[in-house]
Protein chains: 2
Amino acid sequence: MKLPSAKLPMKQRILETADRLFYGRGIRAVGVDTVAAEIGISKRTLYNHFPSKDALVLAYLERRLQPLPDSDRPPLEQILGTFDRLGRSFGTAEFRGCAFVNAVAELGEESAAVRDLAIEFKEARRLWFRGLLDRLGIADPDGLATQLALLVDGAIAAFLVRRDPAMALAAKDAAMALLAQAGARQAPADR
Amino acid sequence: MKLPSAKLPMKQRILETADRLFYGRGIRAVGVDTVAAEIGISKRTLYNHFPSKDALVLAYLERRLQPLPDSDRPPLEQILGTFDRLGRSFGTAEFRGCAFVNAVAELGEESAAVRDLAIEFKEARRLWFRGLLDRLGIADPDGLATQLALLVDGAIAAFLVRRDPAMALAAKDAAMALLAQAGARQAPADR
DNA sequence: TCATTGATACACCGATCTGTGTAATTAGTA
DNA sequence: TACTAATTACACAGATCGGTGTATCAATGA
């Protein structure tokens, strides 16, 4: 149990702990008392930094909206590498699915803001795929990007239930088949 | 708001209402008081039929473990028809993702029984795919069945967030591409 | 007619939830 | 030293949660 250093700014400490608990156990399953107790601060202090639990939940999800890797490796390698990274995530004990999908499934219609963040996250990844497919000169980069994103989401959902890391490999195999069918070649970056 | 007829057996009425509420709003978000009030019965009556909320939740999920359609249509048509049915589900206002994935995402480690039911559900659909792929004479029916199941789960997760029914079409396109690459032919049932 | 069964209303339990009010305490700084 | 700002402990509010106890009432069938 790695606790955030007491030296860090309070807001950051709260966010890190909220992330660990909300993601690991679920948003509704974790109360603000639990978050505060886990850091060793009073509930009052937590509420001095976030006006409500809803605000804390949104901040937790916003923190997970990180920019995607901007590598200079070949596009095909980057695309397939996504599934390898996914497989490595499956191997960690902390992995518990997609934080955004889980939040939407848990909160449903109750929070439009949560859903907007989830859409933003999903669309960012889809566009990341599409940018790489563009460089590969694929015929329908938009459609294929959606399909690749579908495979990622499917692998995550399937793993969440089955806990079988092979789901990442199955998704990668499917991605390779789709890419091959679309005419992706090995080193197509510049020609 | 269609309420189950008061003529139906009490247990069935409870289950139908629990299904509608648990699936529509989430398990943790709906209390037993709400379920009883929605039917117009006392909480006591509900507890006379189910010993606990956990038992009610399990019964709700078990009721969703229905056998998959056993059609005599061509295998390829049945497989692709799955994605058409999915697309039609997306069009309904009630659709809120996969009840089993949502339950696991919501309850997480807290209920092994829920996860077991979810695994059973997912595996049944995967085996249904595999049986059809067997009849198509596909080289690796097991692997392709997993990939098709991944596409279904991915489309559901993506739709849950984006609310875009086109996710079903994207999954169907990907499925067709995978099937074509695997050598599935139009009318391969008997030769 | 009488006994049984199931449903009813309703109060209640202890626990937990988000959120607030308040007064004391700490630490840094002018 | 004196002021300020953050954090503390702690009680409390009002709601909701899952679950129970109990006494009454209505329908059924022997």
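A note on names: the letters A, B, ... follow the listed sequences, proteins ahead of strands, and every chain is numbered from 1.
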A.B. asks: Can you tell whether the side chains of Arg125(A) and Asp153(A) come within less than 4.0 Å, N to carboxylate O?
C.D. replies: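 Salt bridge present between Arg125(A) and Asp153(A).
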
A.B. asks: Over the length of the helix from dT1(C)-dA30(D) to dA30(C)-dT1(D), how much do the five-pair end axes diverge, rounded to 10 degrees?
C.D. replies: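 Helix axis angle between the two ends: 10°.
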
A.B. asks: What is the distance from OH of Tyr47(A) to C1' of dA11(D), rounded to the nearest Å?
C.D. replies: 16 Å

A.B. asks: How many whole angstroms separate atom CG of Leu46(B) from atom C1' of dT20(D)?
C.D. replies: 14 Å

A.B. asks: Quick check for you: to the nearest 0.5 Å, what is the distance between Arg96(B) atom CZ and Arg163(B) atom CZ?
C.D. replies: 8.5 Å

A.B. asks: Rounded to the Å, how far apart are Lys11(A) NZ and dA6(D) C1'?
C.D. replies: 14 Å

A.B. asks: Is the CZ atom of Arg64(B) crowded by more than 12 outside heavy atoms at less than 6.0 Å?
C.D. replies: yes

A.B. asks: Rounded to the Å, how far apart are Ile39(A) CD1 and dA9(D) P?
C.D. replies: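 One finds 13 Å between P of dA9(D) and CD1 of Ile39(A), rounded.
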
A.B. asks: Between residues 102-111 of chain B and DNA chain D, which residues have a heavy-atom gap below 4.0 Å?
C.D. replies: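 The answer is none.
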
A.B. asks: Tell me the interatomic distance from Lys43(B), atom NZ, to dG21(D), atom P, rounded to whole angstroms.
C.D. replies: 13 Å

A.B. asks: Which is the 5'-most and which the 3'-most nucleotide of DNA chain C that has an atom under 4.0 Å from a heavy atom of chain B?
C.D. replies: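 Using the under 4.0 Å cut-off, the span is dA7(C) to dA9(C).
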
A.B. asks: Do Phe100(A) and Val161(B) have side chains that get closer than 4.5 Å, going by heavy atoms?
C.D. replies: no

A.B. asks: For Glu106(B) and Arg28(B), indicate whether the former's side chain and the latter's backbone hold a donor-acceptor pair under 3.5 Å.
C.D. replies: yes

A.B. asks: How close do Thr34(A) and Val30(A) get, heavy atom to heavy atom, and via which atoms?
C.D. replies: CB-CG1, 4.1 Å

A.B. asks: Tell me, do Asp19(A) and Glu16(A) make a side-chain contact under 4.5 Å, heavy atoms counted?
C.D. replies: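 SC-SC contact between Asp19(A) and Glu16(A) ruled out.
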
A.B. asks: Would you name the heavy atoms of Gln181(A) and Ala180(B) that are closest together and state the gap between them?
C.D. replies: NE2-CB, 4.1 Å

A.B. asks: Taking CZ from Arg25(B) and P from dC17(D), how many angstroms apart are they, rounded to a whole number?
C.D. replies: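 After rounding, the reported distance stands at 11 Å.
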
A.B. asks: Answer yes or no: does atom CZ of Arg63(B) have more than 12 heavy-atom neighbours from other residues, nucleotides or ligands under 6.0 Å?
C.D. replies: yes

A.B. asks: Go nucleotide by nucleotide along DNA chain C from the 5' end; which of Arg44(A) and Asp33(A) gets its closest nucleotide reached first?
C.D. replies: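 With Arg44(A) and Asp33(A) compared, the 5'-side residue is Asp33(A).
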
A.B. asks: For residues 51-92 of chain B, which residue pairs qualify under ring-ring contact (aromatic ring centres under 6.0 Å, His included), counting only residues two or more places apart or in two chains?
C.D. replies: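 Passing the test, one end in residues 51-92 of chain B: Phe22(B)-Tyr60(B), Phe90(B)-Phe95(B), Phe90(B)-Phe159(B).
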
A.B. asks: With a 4.5 Å limit on heavy-atom distance, are the side chains of Thr92(A) and Arg88(A) in contact?
C.D. replies: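 No; the side chains remain at least 4.5 Å from each other.
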
A.B. asks: Let me know the distance between CG of Asn48(B) and C1' of dT22(D), rounded to the nearest Å.
C.D. replies: 13 Å

A.B. asks: At a heavy-atom distance below 4.0 Å, what parts of residues 51-60 of chain A sit against DNA chain C?
C.D. replies: Ser52(A), Lys53(A)

A.B. asks: Hey, is the main chain of Val101(B) close enough, under 3.5 Å, to the side chain of Lys122(B) for a donor-acceptor pair?
C.D. replies: no

A.B. asks: Using a 4.5 Å cut-off between side-chain heavy atoms of Ile, Leu, Val, Met, Phe, Trp and Tyr, which other residues end up in the same hydrophobic cluster as Tyr47(B)?
C.D. replies: Val32(B)

